[in-house]
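In what follows, chains are A, B, ... by sequence order, proteins preceding strands, each numbered from 1. As a basis for the values below, the full set of heavy atoms in this structure was taken, side chains included, without hydrogen atoms, waters or symmetry mates.
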There are 2 protein chains.
Amino acid sequence: MTTALRSVAPVAERGEKQRLTARDWEEGALDLMADEGVAAVAVETLAKRLGVTKGSFYWHFSHRDALIASTLKRWEEYDTHNAIARVESIENPGVRLREIFRLTARDVRSHRIYAALLKAADHPVVAPVMERVSKERMDYLARVFEQAGMDPVAAVHRARLAYSAYVGFLQLTLQFRSTRLSQEGYEEYLEHMIDTLIPAA
Amino acid sequence: MTTALRSVAPVAERGEKQRLTARDWEEGALDLMADEGVAAVAVETLAKRLGVTKGSFYWHFSHRDALIASTLKRWEEYDTHNAIARVESIENPGVRLREIFRLTARDVRSHRIYAALLKAADHPVVAPVMERVSKERMDYLARVFEQAGMDPVAAVHRARLAYSAYVGFLQLTLQFRSTRLSQEGYEEYLEHMIDTLIPAA
DNA sequence: AAAAGTCCATACGGAAGCGTATTGACTCCT
DNA sequence: AGGAGTCAATACGCTTCCGTATGGACTTTT
C-alpha cells in the first residue's frame with residue numbers, strides 16, 4: 001500500500017466545478033498544517049480554500065477531529081514508509097546512517113508538517129501519533145547504530161541524541177529567521193553532525 | 001538587577017483580599033504558560049485563577065499581548081542572566097561546558113516555560129524573544145567550545161548541534177510520555193551526550 | 001472630610017470557531 | 001420519469017475569547 005501522498009491531482013487541474021472527496025479535504029488539511037500549523041486547520045478556513053462551504057465538510061466528516069485523525073493516519077503511513085524505504089537497500093550501516101542524515105535534508109514539505117505536528121503535540125489526537133512515530137524512528141536509529149558497531153546501550157543513547165538534534169534543528173531552522181543557515185552553511189553543518197554522531201566507517 | 005522570578009510572595013500568602021499588581025498577572029501568566037502553553041494564557045482564565053475578574057486585568061494592561069510581552073521580558077532577563085551566572089565562575093572551558101549541560105537538567109519549570117515558548121514561536125510577540133535568546137545562547141556555546149580548543153568553524157557547528165539536541169530533547173521528553181526516561185536513564189544519557197559532544201578535557 | 005487616585009465587578013458588543021438542520025441540485029439506477 | 005443517493009449552500013444556535021464602558025468601593029492625598 002505505497003499510496004503516494006500526492007497521488008490525486010490538485011483540485012484545480014480536474015476542472016473547476018468538481019465535487020470533493022474526503023481525500024481532498026485531507027490534502028488541504030496537510031497543506032494548511034504545513035503552512036500555518038494544526039490550529040489553523042479550521043473547518044471554515046479550509047472550506048474557503050477549497051472553494052466550498054462547511055456544508056460539504058460535514059458530509060465527509062462527522063467533526064473536525066475526524067479530519068485531523070484521518071489526515072494524520074495517511075501522513076503516518078506515507079511518511080514513515082517512505083522514509084525507511086529510501087535507505088533500506090544500503091547494507092553498510094555506517095553508510096546508511098549517513099544517507100539517512102543527508103536525505104532528511106531534502107523533503108521540505110515533510111519537515112514543515114512534522115514541525116507543525118510537534119508543536120501540536122498536546123492535542124489529544126496528535127499526541128499518540130507523534131509518540132508512536134518518534135519512538136519507531138528512534139528505535140530504528142538505535143538498531144542501525146548498533147549494527148554500525150556501537151554497544152547496545154550507547155546505541156540507544158546515540159539514537160536519542162541524533163533524533164533530538166533533528167527535532168531541535170527543525171524548530172530552530174523552520175521557525176527562527178535569525179538562526180537559519182545558508183545553503184553551504186547547511187551542508188557544512190550536516191557534515192559536522194555526521195562526523196560527530198556517526199562512528200567512523 | 002538580579003530580580004528573582006519568584007521574589008514576590010504567592011497571592012495566597014499575602015492575605016486573601018489583597019489587590020493585585022501587574023507582576024502578579026505576569027507570574028500567573030508564566031504558570032499558565034508552563035502548564036498549558038501560551039495559547040492557554042487567556043484573560044478570563046487567568047483572572048479566574050487569580051480570583052478576580054477581567055476588570056482588574058484591563059486596569060493593569062491595555063490588551064492581552066501587552067501581558068505576554070511584559071511577561072516575556074521579565075522571563076528573558078531572569079532566565080538568561082541566571083543560566084549564565086551559574087557557571088561563569090568556572091574557568092576551565094571543558095569543565096564549564098559539562099556543568100552547563102548538567103545544570104540544564106535541573107530547573108524543570110524553566111524548561112517547561114521554554115518548551116511552551118518554543119511551541120508558540122509563530123506568535124508575533126514571542127518570536128523575536130525566542131530568536132534573540134536562541135541566538136545568544138548558541139553564540140555563547142560557540143565561544144566556549146572554541147575556548148575548549150575547537151577551531152572556530154567547528155565550534156559554531158557544534159554549538160548548533162548541542163543546542164538543537166537540547167531543544168529536541170525538551171520536545172521529546174516533556175511532551176511524549178513514551179519517550180521519557182527514568183532518573184538513571186536520564187543521567188546515563190546525559191553523560192553519553194557530554195562524551196559525544198564535548199571534546200575530551 | 002472632600003477630592004483624587006487606584007483597583008475591581010458587571011454588563012455589553014463583536015469576532016471566530018464548531019456543529020446542526022434544512023433545503024437544493026445533480027447523478028445514477030431502475 | 002421517478003426515486004434514491006451524493007454533495008453543497010444557507011441559516012441558525014452555541015461557546016469562547018477579546019476588548020469597552022461604566023460605576024462602585026476602597027485608599028491616599030490635600
Side-chain angles (χ1 to χ4, degrees), chain A residues 8-12 14-29 31-33 35-72 116 119-120 122-126, chain B residues 8-12 14-29 31-33 35-72 116 119-120 122-126:
Chain A
V8 284
V11 178
R14 303 186 326 198
E16 286 308 329
K17 284 284 179 182
Q18 201 75 24
R19 261 65 189 277
L20 297 180
T21 68
R23 192 164 188 148
D24 294 323
W25 286 94
E26 291 164 11
E27 287 299 329
D31 282 339
L32 250 180
M33 276 173 33
D35 287 351
E36 304 172 57
V38 176
V41 181
V43 177
E44 275 140 329
T45 307
L46 193 47
K48 196 171 291 180
R49 272 206 180 195
L50 295 176
V52 294
T53 63
K54 285 199 307 188
S56 170
F57 177 85
Y58 286 99
W59 172 260
H60 297 287
F61 299 92
S62 59
H63 50 274
R64 178 179 176 269
D65 275 359
L67 168 67
I68 306 290
S70 183
T71 301
L72 290 188
K119 292 200 332 188
D122 49 348
H123 189 296
V125 174
V126 176
Chain B
V8 284
V11 178
R14 304 189 321 204
E16 286 307 329
K17 285 284 180 183
Q18 199 74 26
R19 264 54 195 283
L20 298 181
T21 67
R23 191 164 188 146
D24 294 323
W25 287 94
E26 291 164 12
E27 287 298 330
D31 283 338
L32 251 180
M33 276 174 32
D35 287 351
E36 304 172 58
V38 176
V41 181
V43 177
E44 275 145 315
T45 307
L46 193 47
K48 195 171 293 179
R49 273 207 179 194
L50 295 176
V52 294
T53 63
K54 285 198 306 187
S56 171
F57 176 84
Y58 286 99
W59 171 260
H60 296 287
F61 299 92
S62 59
H63 50 274
R64 179 178 175 268
D65 275 0
L67 168 67
I68 306 290
S70 183
T71 301
L72 291 188
K119 293 200 333 187
D122 50 350
H123 190 295
V125 175
V126 176

Residue B/Ala42, side-chain heavy atoms: nucleotide from D/dC18, D/dA8, C/dC18 that is nearest: D/dC18
Pair A/Arg49 + A/Glu27, salt bridge at N-O below 4.0 Å: no
Distance, rounded to the nearest Å, where A/Arg23 contributes CZ and D/dC7 contributes P: 15 Å
With sequence neighbours excluded, residues passing side chain to side chain donor-acceptor pair (under 3.5 Å) with A/Asp122: B/Lys119
Donor-acceptor pair, side chain of A/Asp35 and main chain of A/Leu32, under 3.5 angstrom: no
Over all atoms of both residues, closest heavy-atom pair of A/Gly37 and A/Ala116: CA-CB, 4.0 Å
Aromatic plane relationship, B/Trp25 with B/His60 - under 30° parallel, 30 to 60° tilted, over 60° perpendicular: tilted
Distance (rounded to the nearest 0.5 Å) between A/Arg19 CZ and A/Asp24 CG: 12.5 Å
Rounded distance in Å - CG (B/Leu46) to P (D/dC17): 12 Å
Sidechain-backbone polar pair: A/His123 side chain, A/Val125 backbone, donor-acceptor under 3.5 Å: yes
side-chain contact (heavy atoms from CB on, under 4.5 Å) evaluation trace for A/Glu26 with A/Phe61: CA-CA 10 Å; A/Glu26 291 164 11; A/Phe61 299 92; 4.0 Å; yes
Residues from residues 52-70 of chain A lying under 4.0 Å of DNA chain C - heavy atoms: A/Lys54, A/Tyr58, A/His63, A/Arg64
Full working for side-chain contact (heavy atoms from CB on, under 4.5 Å) between B/Val43 and B/Tyr58: CA-CA 9 Å; B/Val43 177; B/Tyr58 286 99; 3.9 Å; yes
Sequence-distant partners of B/Ser56, side chain to side chain donor-acceptor pair (under 3.5 Å), two or more places apart: none
Between P of C/dC8 and NZ of B/Lys48, the distance in whole Å: 17 Å
Whole-Å distance separating the CD atom of B/Glu44 from the C1' atom of C/dA11: 12 Å
Per-nucleotide protein contact string for nucleotides 23-29 of chain D, where B marks a base within reach and S marks sugar-phosphate only (heavy atoms under 4.0 Å, - for neither): -------
Rounded to 10 degrees, the angle between the two terminal axes of the helix from C/dA1-D/dT30 to C/dT30-D/dA1, each from five pairs: 10°
Contacts of type side-chain contact (heavy atoms from CB on, under 4.5 Å), residue A/Ala29, not counting sequence neighbours: A/Val41, A/Leu46, A/Leu67, A/Thr71
